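In what follows, every heavy atom counts, from backbone to side chain, and hydrogens, waters and symmetry copies are set aside. These numbers come from a predicted model, not from an experiment. Nothing fancy with the numbering, it's 1 onward along the sequence.
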Amino acid sequence: MLVLSLHKNLNLAFALLSLVAGSAGIAFADVAIDACVTQHTISYPSLAGDMQSLCGLSSSIGALLGFSLSGFFVHLVGTKVVFGLLSIPASLVVLVGILLRESYMRNFSYKTVKEKFVDAIKAMWTTLKRRDVWRPCMYMYLSLALGLHIHEGMFYWYTDAKEGPSFSQEVVGSIFSVGALGSLFGVLLYQNLLKSHPFRDILFWAQLLCGMSGLLDLVLVLRINLNLGMPDYFFVVIDEAVSRMIGRIKWMPFLVLSSKLCPAGIEGTFFALIMSIDHIGLLSSAWSGGLVLHMLKVTRTQFDNLWIAIVIRSLLRLIPIGFLFLIPRSDPNLSILPSELLRTKKGNDVLEPENIEMASLVNSI
């Protein structure tokens, strides 16, 4: 981010490479903390919901701060300085990595790394072939892929002076910050009321409400809210808060379920694999949403058919309800995988929370 901030005439390819490198660094840190959370989930399955709620709470607070300050800083100091300020959170992540306590391996042999790596691949494949693992992964992909991402069309409509409400950058930032508050409330709601309910029940109502909440955008685009005497900003704030809250309630069971599908010894790697499947679903949603907007001829200045895209999105969000049989109907406080996949290779004890995942690749003979 500092490179983007300090160079005035940066080559486009180098700028993209810098953004990719920044995203890769965030992904590495995310996988590391996911490994720690999943290890503790294996050791304490009844606390899986609490740990994911804590992670979701931290994420929502960070999003709240980011959205609250982003529009203000872009308007005040410009985009280049904002890119420079983004290096501060990255530095804090480095500090956390320095302070994180890990088991130090004094004597190890690199000759065993290849063997450990092959064992990890075999363990991943064995786990993926299990019916109680690939079925939830398939549902998570379908649920996300059928979400139909049309936020770009809505964003341009928000800022359009002719047909839309003509919101400024600062106003859009404040709207997203309220959405972060909705996400925060969703985490608290899940933690205090929903974490002990079966995954299938929570996902049924979350998916149903997700489809229904999408119709709030339809009310806004058709200007029905103005006929009811509700200002655009007030209605958009309600829409964003409700949508983010429902989205977070829907996402939390995914995280808890994903952490319970990871075998011992490769927690971070397998959790990253499941998250990659989810992100492929999000990517499919973005592509299909862009295709629908293109077919309906929705552009930066043309929004006549935007309401049709909203209706299509709301209907598609209801389809995953028919695939809820893929989700296990089990107690969320208990483990899903059999005990042999939740133990170390030596087979005696559950993996200790103090060990880190990659340490097994360089373990002493």
Side-chain angles (χ1 to χ4, degrees), residues 16 19 23 63 67 137-167 169 171-173 175-176 179 182-183 186 203-226 232 235-251 254 275-324 326:
L16 290 175
L19 290 174
S23 299
F67 286 132
C137 291
M138 179 178 291
Y139 177 83
M140 287 187 278
Y141 170 79
L142 291 174
S143 177
L144 295 171
L146 293 174
L148 207 63
H149 187 91
I150 58 172
H151 290 180
E152 286 77 10
M154 290 301 301
F155 175 80
Y156 290 126
W157 185 84
Y158 283 156
T159 57
D160 186 74
K162 183 179 179 181
E163 298 187 35
S166 187
F167 290 148
Q169 294 178 341
V171 172
V172 173
I175 291 173
F176 288 155
S183 177
L203 290 174
F204 170 80
W205 290 107
Q207 200 70 50
L208 181 63
L209 292 175
C210 187
M212 295 176 61
S213 65
L215 296 177
L216 292 176
D217 289 334
L218 183 64
V219 174
L220 185 66
V221 170
L222 296 179
R223 318 305 282 156
I224 298 177
N225 62 297
L226 295 180
D232 286 332
F235 191 84
V236 170
V237 164
I238 295 177
D239 181 10
E240 185 70 15
V242 171
S243 299
R244 291 296 185 91
M245 181 190 68
I246 296 174
R248 178 59 73 173
I249 293 175
K250 174 186 170 183
W251 184 244
F254 283 171
M275 289 297 102
S276 67
I277 296 174
D278 293 347
H279 282 82
I280 292 175
L282 293 173
L283 188 60
S284 301
S285 173
W287 284 347
S288 58
L291 179 61
V292 169
L293 292 176
H294 177 72
M295 293 176 61
L296 295 176
K297 294 180 172 54
V298 176
T299 64
R300 295 188 178 188
T301 57
Q302 187 68 28
F303 307 101
D304 293 339
N305 295 325
L306 181 59
W307 69 274
I308 300 179
I310 296 173
V311 172
I312 294 174
R313 181 193 63 181
S314 298
L315 293 176
L316 288 178
R317 285 179 173 179
L318 298 177
I319 293 179
I321 295 178
F323 294 92
L324 277 172
L326 297 173

_Minimum heavy-atom distance between S213 and R317, given as atom pair plus value_ = OG-NH1, 4.2 Å
_Spatial distance of atom CH2 (W205) from atom CD1 (I246) [nearest 0.5 Å]_ = 12.5 Å
*Report yes if the side chains of V311 and I308 come closer than 4.5 Å at any heavy-atom pair, otherwise no.*
no
_I need the full list of salt bridge (charged side-chain N to carboxylate O under 4.0 Å, His left out) pairs touching residues 277-295, with sequence neighbours left out, sorted by first then second residue._
none
_Non-hydrogen atoms of G211 and L318 that approach each other most closely_ = CA-CD2, 4.1 Å
Distance-only donor-acceptor pairs under 3.5 Å for side chains of residues 282-289, two or more places apart:
from	atom 1	to	atom 2	distance (Å)
S284	OG	Y141	OH	3.2
S284	OG	I280	O	2.9
S285	OG	L148	N	3.1
S285	OG	H149	N	2.9
S288	OG	S284	O	2.9
S288	OG	S285	O	3.0

*Atom CZ of F167 and atom CH2 of W157: how far apart are they, to the nearest 0.5 Å?*
7.5 Å
*asked:* To the closest 0.5 Å, what do you measure between CE (M275) and CE (M140)?
replied: 6.0 Å
_Shortest non-hydrogen contact from I249 toward G186_ = CG1-O, 3.8 Å
*Aromatic ring pairing F254/Y139, orientation class (parallel under 30°, perpendicular over 60°, tilted between)*: perpendicular
*Residues two or more places apart in sequence or in another chain: which of them pass side chain to side chain contact (heavy atoms under 4.5 Å, CB included) with L142?*
M138, F323
*Kindly compute the distance separating CG (N225) from CD1 (I238), expressed to the nearest 0.5 Å.*
10.0 Å
Using residues 216-223 as the side-chain source, report each donor-acceptor pair under 3.5 Å to any protein atom, sequence neighbours left out, with the distance given to one decimal.
from	atom 1	to	atom 2	distance (Å)
D217	OD2	R313	NH1	3.4
D217	OD2	R313	NH2	2.8
R223	NH1	L220	O	3.4
R223	NH1	D232	OD1	3.2
R223	NH2	D232	OD1	3.4
R223	NH2	D232	OD2	2.6

*Residue pairs fulfilling salt bridge (charged side-chain N to carboxylate O under 4.0 Å, His left out) with at least one residue in residues 296-311, sequence neighbours excluded*: none
_side chain to side chain donor-acceptor pair (under 3.5 Å) contacts in which one or both residues fall within residues 238-248, not counting sequence neighbours_ = S183-R248, D239-S243, E240-R244
_Measuring from atom CG of L324 to atom CG of L203, what distance do you get when rounded to the nearest 0.5 angstrom?_
6.5 Å
*Between M154 and I310, is a side-chain contact (heavy atoms from CB on, under 4.5 Å) present by the stated rule, with each step listed?*
CA-CA 9 Å; M154 290 301 301; I310 296 173; 4.0 Å; yes
*Please say which of I150, L291, L306, N305 ends up in a side chain to side chain contact (heavy atoms under 4.5 Å, CB included) with L296.*
N305
_Within this structure, what is the CH2-SG distance for the pair W251 and C210, rounded to the nearest 0.5 Å?_
12.5 Å
*Closest contact, heavy atoms only, C137 versus I277*: O-CG2, 4.1 Å
